[in-house]
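Notes follow the structure.
What you see below is based on every heavy atom in this structure, not just the backbone, and it leaves out hydrogens, waters and symmetry mates. Quick caveat, the model's predicted, so the values are computed rather than measured.
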Amino acid sequence: MASVPSLASSVNQRVADALASALPDAGASDPLLRRSDRADFQANGILALAKKAKANPRELATTVVEGIDTGDLIKEIEVSGPGFLNITITDRAIIETLAGRAADDRLGVPLAAQPGTTVIDYAQPNVAKEMHVGHLRSAVIGAAMVEILEFTGEKVVRRHHIGDWGTQFGMLIQYLLEHPHELDHTSGEGADGAEVSGEEAMSNLNRLYKASRGLFDSDEEFKTRARARVVELQAGEPETLALWQRFVDESKIYFYSVFNKLDMDIQDPDVVGESGYNDMLVETCKLLEESGVAVRSNGALCVFFDDVKGPDGNPTPLIVQKSDGGFGYAATDLSAIRDRVGELGATTLLYVVDARQSLHFKMVFETARRAGWLNEDTKAVQLAFGTVLGKDGKPFKTREGETVRLVDLLDEAVDRATAVVREKAEKIGLTEAEIVENGKYVGIGAVKYADLSTSAARDYKFDLDQMVSLTGDTSVYLQYAYARIGSILRKAAETGDRKPAAHPELELAPAERALGLHLDQFGELLAEAAADHAPHKVAAYLYQLSSLFATFYEQCPVVKPEPELVVGENRLFLCDLTARTLTKGMSLLGIRTPEKL
């Protein structure tokens, strides 16, 4: 399927050719084409080029305009100010370009010219612990980036770096061995033999974790036994390892049930936790020490940085191996980098991780660079995200001050959304099954969109009332726009005398032009979102698309009152392409678009 050059790229090329002709000694120049309120586009690059060539910018701009091949693409060019070019596109070019975009499932969006391999680390829950609101952003942002990158042609390898190793497992296993009657409560069956859900099993594990933690913090003898149990786990002692594996397996069932609520597909081969790199830890430390990247300090293997200091002003090292021989998170993260670069062939390592871990990853990435595991051909990036806040602007907690369970939050979102869907169900003829299904799509979509419509680096307030609103920048507003277009297309089909068809010969109304020009930007927007690792740019584009469609719908009759046949068909064409762009963009964000809403 052939990609379709955007109007912007076509205009940019023609202006660039004219610039090269006007100043042949200047080499290739970027006209710096931007969307403009004064015309369709404005070229701002002539001013800088004229200064470099010591030419009069307005005279150069006039010369460039005279050399531009306008053809059927450009309707008008105006020289403005000190050499800016205001460029208006022909109506024919808009519709012909959009017709080309509508010809395939990719909507004419080109694949990246030089795709690489991105290993993306996201959705990292902890074994034997319930997922809470803090796990939401990594999962949602990471899943969106997977879809966006894959759509642009990047090879993407998913990695879910779950917390499945360390002191807490020695603590939990030792507690269970000393309280064997508790073992039955962690199994997949209840006392009556009925199967226990993933959420119930995790609730039991979470309760046991809290009990073992309480004992660990209050009983020094138990703490000693728990630490000895960690050694047994690391040594592969059969009974200890069997219990650990049981925790991991039951936790995975729970994780998958939560991800299923989030309408996310998590595959077992993609789950490679901390334990997956155990066999590499000793070699990682050896390589770092032998190369001089890491040094021994008070028995610990450390990496020091001139620009990283603690509150006392002294250098704060990255501790790769503790003085007692144990390995820290850094050893696992560095081993993971070695594996992802050496075995998976990564050209980009993307970590969707809380901004509060930025210092840790800054030191890990720099250590990997010093060791030669990262270089000009392979980069590591932290897609750092902010905190989910309550309506009061403080970290989101329950009334009792505890962290909000993720399943409770998702269930409430679906309940609220289902109530909103039910209010309109009778009017549009939804069955009970459709109400329930749409309630899930709207509720989960609302949660995802609220996260994704905010720049990842920023905190955002979790306000369900706003999230499920039909007005404003919400997923429901976008879903409703899609459903409205579906209704328009169905009504047109019922009349039988018109169908979506592009008519380049028509003169476009202002609202048609604005909608068409925005539709044309979809491919360039996706390329930008992929390069910047910025899914919020896709959300912003889709919201503007829905807003432009609302204006178009108000000002440009499609079916009633009945416009001229070719006008109606052209408007149906714009409706159809808007719907396809909306549903494609929403799917890249992991959000469903119900046909009726």
Suppose we screen for ring pair (Phe, Tyr, Trp, His ring centres under 6.0 Å). Which residues come up paired with F396, at least two apart in sequence or across chains? F462
Heavy-atom donor-acceptor pair, [X] side chain to [Y] backbone, under 3.5 Å:
X    : Y    : value
S138 : V352 : yes
Q382 : V353 : yes
D104 : L107 : yes
D459 : V388 : no
R405 : D408 : no
Y122 : R159 : no
H179 : Y175 : yes
Y449 : D473 : no
D532 : A534 : no
T378 : L374 : no

Which side-chain N or O atoms in residues 229-239 pair as donor and acceptor under 3.5 Å with protein atoms at least two apart or in another chain?
| residue | atom | partner | partner atom | Å |
| --- | --- | --- | --- | --- |
| R229 | NE | Q174 | OE1 | 2.9 |
| R229 | NH1 | T240 | OG1 | 2.8 |
| R229 | NH2 | Q174 | OE1 | 3.3 |
| E237 | OE1 | E239 | N | 3.4 |
| E237 | OE1 | T240 | N | 2.8 |
| E237 | OE1 | T240 | OG1 | 2.5 |
| E237 | OE2 | E239 | N | 3.3 |

Do you know which two heavy atoms are closest between [X] and [Y], and how far apart they sit?
X    : Y    : value
L542 : T581 : CD2-O, 4.0 Å
L389 : P395 : CD2-N, 3.8 Å
T118 : L149 : CG2-CD1, 4.0 Å
S218 : G214 : OG-O, 2.9 Å
R340 : V119 : CD-CG1, 3.7 Å
L334 : A368 : CD2-N, 4.0 Å

Ring center gap for F365 and H360 short of 6.0 angstrom: no
Ring centroid separation for F247 and F169, is it under 6.0 angstrom?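 Ring centres of F169 and F247 not closer than 6.0 Å.
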For a side chain to side chain contact (heavy atoms under 4.5 Å, CB included) check, start with the C-alpha distance between R458 and F385, then their side-chain angles and the critical distance, and finish with the verdict. CA-CA 7 Å; R458 295 176 54 194; F385 56 82; over 6 Å; no
Spacing of [X] atom [atom1] and [Y] atom [atom2] [to the nearest 0.5 Å]:
X    : Y    : atom1 : atom2 : result
K286 : L301 : NZ    : CG    : 13.5 Å
I148 : K537 : CD1   : NZ    : 11.0 Å
I337 : T367 : CD1   : OG1   : 8.5 Å
K448 : D451 : NZ    : CG    : 10.5 Å
T387 : K394 : OG1   : NZ    : 14.5 Å
K261 : F259 : NZ    : CZ    : 13.5 Å

Would [X] and [Y] pass as an ion pair if we require N to O under 4.0 Å?
X    : Y    : value
D105 : K584 : no
D219 : K223 : no
R356 : D354 : yes
R338 : E343 : no
E432 : R422 : yes
R416 : E412 : yes

Please output the side-chain donor-acceptor pairs of residues 320-330 that fall under 3.5 Å, not counting sequence neighbours, one pair per line with the distance.
| residue | atom | partner | partner atom | Å |
| --- | --- | --- | --- | --- |
| Q321 | OE1 | R296 | NH2 | 3.1 |
| Q321 | NE2 | G325 | O | 3.2 |
| D324 | OD1 | G326 | N | 2.9 |

Checking side chain to side chain contact (heavy atoms under 4.5 Å, CB included) for the pair T224/R227: CA distance, chi angles, key distance, verdict? CA-CA 5 Å; T224 300; R227 285 176 171 162; 6.0 Å; no
Check whether any side-chain heavy atom of [X] lies under 4.5 Å from a side-chain heavy atom of [Y], and answer yes or no.
X    : Y    : result
M202 : M131 : no
R369 : N375 : no
H161 : D333 : yes
R592 : T583 : no
L243 : L177 : yes
K379 : V381 : yes
L287 : W373 : yes
I162 : N126 : no

If only side-chain N and O atoms count, and only distance matters, is there a donor-acceptor pair under 3.5 Å linking [Y] with [X]?
X    : Y    : answer
E595 : Y482 : yes
T474 : S469 : no
T117 : E154 : no
E274 : T332 : no

With sequence neighbours left out, which residue pairs that include part of residues 142-153 fulfil the side-chain hydrogen bond (donor to acceptor under 3.5 Å, both in side chains) condition?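 Output for this query lists E150-R158.
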With sequence neighbours excluded, tell me which residues meet side-chain hydrogen bond (donor to acceptor under 3.5 Å, both in side chains) with T347. none
Identify every side-chain donor-acceptor pair in residues 435-446 under 3.5 Å, counting partners at least two apart or on other chains, and give the distances.
| residue | atom | partner | partner atom | Å |
| --- | --- | --- | --- | --- |
| E437 | OE2 | Y441 | OH | 3.4 |
| N438 | ND2 | K596 | O | 2.9 |

Using the rule given for side chain to side chain contact (heavy atoms under 4.5 Å, CB included), can you reason through S453 versus Y543, listing the C-alpha separation, both sets of side-chain angles and the distance that settles it, and then say yes or no? CA-CA 9 Å; S453 60; Y543 174 61; over 6 Å; no
Take V404 and H132 through the side chain to side chain contact (heavy atoms under 4.5 Å, CB included) test and state the conclusion after the steps. CA-CA 6 Å; V404 178; H132 53 75; over 6 Å; no
Angle class for the W244/W165 ring planes (parallel below 30°, perpendicular above 60°, tilted otherwise)? perpendicular
